[in-house]
Amino acid sequence: MAIYDFSASEWRSRFIHFQDETKYPDELIENAYDLAVEFFPNTENSPYPYDPARGVYTRQRLIDYAVCHLLLLQDQPANQVGRLSSASEGSVSTSFDLPKANSVAGEYWLQTKCGQQVWLLLQPYILGGRIYIQSKYHPWC
């Protein structure tokens, strides 16, 4: 498989929300890319396919949406986790909600619209069941 050649300017053309180069300089986008490839390795041996000659762009989409997700998380006010679910004005009150995904990873990705795309693209690669890596199994450990 091929390696996805990431370019901040090309990425920016696909995600028009990030057109402001002063707010989102190329270095910031490239830093988000560096973290995104920690989640989704951009190597020939990656489990996520990328073969543009055959029209397979899964790894590119995962990385692109992960970069978007990371930048959107950075834009959220300090200590905000999740989507704004309600707000008040008198005595200022807000509350946030995370869509339930029955997994910590799912709840992390479901915080933004771009992260939701990542989560949907990941579904074919998610395995069920549990793996217990210890010599003795105990159901309450």
Side-chain angles (χ1 to χ4, degrees), residues 1-135 137-141:
M1 282 186 280
I3 294 177
Y4 168 45
D5 186 24
F6 182 83
S7 162
S9 60
E10 287 180 25
W11 179 87
R12 189 179 276 126
S13 71
R14 288 190 294 276
F15 292 86
I16 58 172
H17 175 76
F18 300 98
Q19 292 296 316
D20 184 353
E21 292 186 31
T22 25
K23 186 175 181 183
Y24 304 104
D26 286 353
E27 296 80 18
L28 182 66
I29 294 171
E30 289 164 6
N31 285 340
Y33 165 78
D34 290 341
L35 182 55
V37 295
E38 294 288 327
F39 293 119
F40 311 109
N42 191 16
T43 63
E44 291 181 2
N45 298 326
S46 175
Y48 310 104
Y50 176 70
D51 190 355
R54 293 190 176 139
V56 179
Y57 299 96
T58 305
R59 187 179 336 133
Q60 174 188 349
R61 290 183 178 123
L62 282 167
I63 291 172
D64 284 354
Y65 280 113
V67 169
C68 174
H69 174 72
L70 293 166
L71 292 173
L72 288 174
L73 285 178
Q74 180 177 320
D75 280 350
Q76 291 180 345
N79 301 321
Q80 176 184 332
V81 176
R83 303 173 303 176
L84 182 65
S85 62
S86 69
S88 302
E89 194 170 316
S91 292
V92 183
S93 173
T94 57
S95 64
F96 300 94
D97 181 32
L98 283 175
K100 302 302 176 222
N102 295 328
S103 78
V104 174
E107 290 176 3
Y108 170 75
W109 289 112
L110 294 176
Q111 293 181 73
T112 67
K113 288 185 180 186
C114 288
Q116 291 171 4
Q117 292 298 320
V118 170
W119 188 244
L120 290 173
L121 287 167
L122 279 176
Q123 294 310 299
Y125 303 95
I126 295 175
L127 301 175
R130 293 184 180 177
I131 298 174
Y132 295 96
I133 303 175
Q134 58 189 33
S135 58
Y137 166 76
H138 191 278
W140 298 289
C141 294

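The heavy-atom pair separating S46 from P41 by the smallest distance is OG-O, 2.8 Å. Smallest separation of non-hydrogen atoms from E30 and A8: OE2-CB, 4.1 Å. The minimum heavy-atom distance linking L70 with A36 is given by the pair CD1-N, 4.0 Å. Across Q111 and L73, no two heavy atoms sit closer than the pair OE1-CD2, 3.7 Å. When all heavy atoms of A66 and V118 are compared, the closest pair comes out as N-CG2, 3.6 Å.
The six-membered or imidazole ring of Y108 lies away from that of W119, with a centre-to-centre distance of 6.0 Å or more. Y65 has its ring centre less than 6.0 Å from the ring centre of F15.
For E21 (side chain) and D26 (main-chain N/O), no donor-acceptor pair under 3.5 Å exists by modelled atom type. The closest donor-acceptor contact from the side chain of R59 to the backbone of P49 lies at 3.5 Å or more, if one exists at all. A donor-acceptor distance shorter than 3.5 angstrom exists from the side chain of W11 to the backbone of D64, with no hydrogens or angles considered. Panel note: side chain R12, backbone Y24; a donor-acceptor pair is recorded below 3.5 Å. A donor-acceptor pair is defined here as one N or O able to donate and one able to accept, closer than 3.5 Å; such a pair exists between the side chain of S13 and the backbone of E10.
Shown are F40, Y48, Y50; of these, the side chain to side chain contact (heavy atoms under 4.5 Å, CB included) with I63 is made only by F40.
The shortest side-chain heavy-atom distance between F6 and N42 does not fall under the 4.5 Å cut-off. At a threshold of 4.5 Å between non-hydrogen side-chain atoms, the residues W109 and Q117 do not count as touching. The shortest side-chain heavy-atom distance between T112 and C68 does not fall under the 4.5 Å cut-off. Between R14 and Q60, the closest side-chain pair of non-hydrogen atoms falls below 4.5 Å.
Rounding to the nearest 0.5 angstrom, the gap separating the NE2 atom in H69 from the NZ atom in K113 is 14.5 Å. With values rounded to the nearest 0.5 angstrom, L120 atom CG is found 13.0 Å from R61 atom CZ. Between D75 atom CG and K23 atom NZ the span is 4.5 Å, to the nearest 0.5 Å.
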Q: Go through the steps to decide whether D20 and T22 satisfy the test side-chain hydrogen bond (donor to acceptor under 3.5 Å, both in side chains), and finish with yes or no.
A: CA-CA 6 Å; D20 184 353; T22 25; 2.5 Å; yes
Q. How far apart are the C-alpha atoms of T58 and Y125, what are their side-chain angles, what is the distance that settles it, and do they pass the side-chain contact (heavy atoms from CB on, under 4.5 Å) test?
A. CA-CA 11 Å; T58 305; Y125 303 95; 3.7 Å; yes
